[in-house]
Amino acid sequence: MKLVIKFGGTSLATVKDIKNVVRIVDKISKNHETVVVCSAVDTITDELIQISSLIEKGNKKDINIMLAKISQKHKQFATHLVTNSKILKSLSNKLNSDLSELEELVHGLILLGEVTRRSYDYLISFGERLSIDLVSFSLQELKNKSVPLSGQEAGIVTDSNFGDSRPLMDTTRIRVSKIINEYFTKNTIPVIAGFSGADQNDHVTTFGRGGSDYTATIIASCIDADEIWLMSDVDGMMTADPKLVKNAKLLKEVSYTEAIEMARFGAKQIHPRTFEPLLPKNIPMRIRNSFDMNNQGTLVTLLHSKSTDSVKCVSAIRKVGLLDLTGGVLFAGPGAAAKIFSILAKNNINAMMVSSNPSESSITIVVRKEDLHKAENALEINLLGTTLKKIDTIPNVAIIAVIGSGMRGKVGIASRVFLAAQKSNSNVMMIAQ
Ligand code: ASP
Ligand code: MG
């Protein structure tokens, strides 16, 4: 079968981890046409982001220290991963070329003293550019043919919305399928840098944090993969966060719809748009642990949940705030909600949860905590005294999500949820279904 395997940064944190990843791919690629998608080596993306803020501050000394650290780490990994001198030489050349591109970019940005959205994306895409070199050449060491490809080289074309780009799927599909299938016919394992692509002007774009998941599903859709595996250091989707709930269990199967909710709310961080490319083609996904290949992980498919286990997962989002909006003279009737949400939208604030009462006198909205103040200000400037009479904010709240498609139409679940909340002495401020 055609398989896309994506490894997260935690699966690529040390030399030992990368060797493990390479062994997995080496074994699987003997029986399947395999594409590998990699995140950056653990922490590298964060370090690149730090470099970006140091550029803004003009702190050249610390920037050079950090660059040297990144360069040293990858070079050191290389010498531990590859022993064949010819392959090591090619790997060193490739790393050196990518690292000097990074250095040139950073020094250019230091001169300018600013990092635009465009150059920010270019900068933070380098973590993956470097990790794929390590993985691809290590696969060669095990006598595989393999090639490292940036998102752009793999054929991913996106819009120019830097930091949160989307693929132009028609063009991307044509390019990616041609490029990858050619490598398949040559028995070569493509190792693709997650997280980024390039717009139509060849400027590097990223999909936002955690975007390597999205890269993997984009590629899977383009080549009509039979399966996609997301590998990290957790066993799969759990019934609850195992750090909080001791008897949390692994979920063997969930539906796309449930997985989308769990990705948004759950302990397992998955890029929010990851499932989009899989839906039209119904490509099954497995979420697995690269450190425990005996475990089959969680299978995500179109599956319509059997009503036996109606609640599949309980999870929480912290760091959210609540806006309680009370209506003024112009509140009731059509248009008030539209005004409120268009102001939030104009300010790039995402309403995560909304509820309003039937008498139409108030609306309650949950937003990310860091957006709470901005939301309050924007609504105050634009609507207070007309549409709105009062704006209250509560900064310290959390959303508890109870997830499971089988809950639909079942009597008695809400009462158990509220009873549990009561038992833990928690005040329920708002509900949405
Ligand atoms: N390296 C990027 C990040 O840390 C993308 C990813 O890991 O998926 O956000
Ligand atoms: Mg990651």
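Both ligands and their constituent atoms are indexed starting at 1 by order of listing. Only a predicted model underlies this, so the values are computations on that prediction, with no experimental measurement involved.
For G8, the heavy-atom gap to ligand 1 stays at 4.0 angstrom or more. Between G9 and ligand 1 there is no heavy-atom distance shorter than 4.0 Å.
For a threshold of 3.5 Å applied to N or O pairs, the pair formed by S39 and ligand 1 contains at least one separation below that value. Of the N or O atoms in F195, none lie within a sub-3.5 Å distance of an N or O in ligand 1. At under 3.5 Å, a nitrogen or oxygen of R209, whether backbone or side chain, sits near a nitrogen or oxygen of ligand 1.
Inspection of the D17 and N20 side chains reveals no N or O donor paired with an N or O acceptor under 3.5 Å.
From T83, atom OG1 reaches atom CG of L88 across 8.5 Å, with rounding to the nearest 0.5 Å.
For the pair R288 and W229, the cation-pi criterion (under 6.0 Å, within 45° of the ring axis) is fulfilled. Y120 does not carry R117 over the face of its six-membered ring by the limits of under 6.0 Å from the centre and within 45° of the normal.
Minimum heavy-atom separation, K6 to S212: CE-CB, 3.6 Å.
When non-hydrogen atoms are compared, ligand 1 lies under 4.0 Å from the side chain of E128 (C-beta onward) but not from its backbone.
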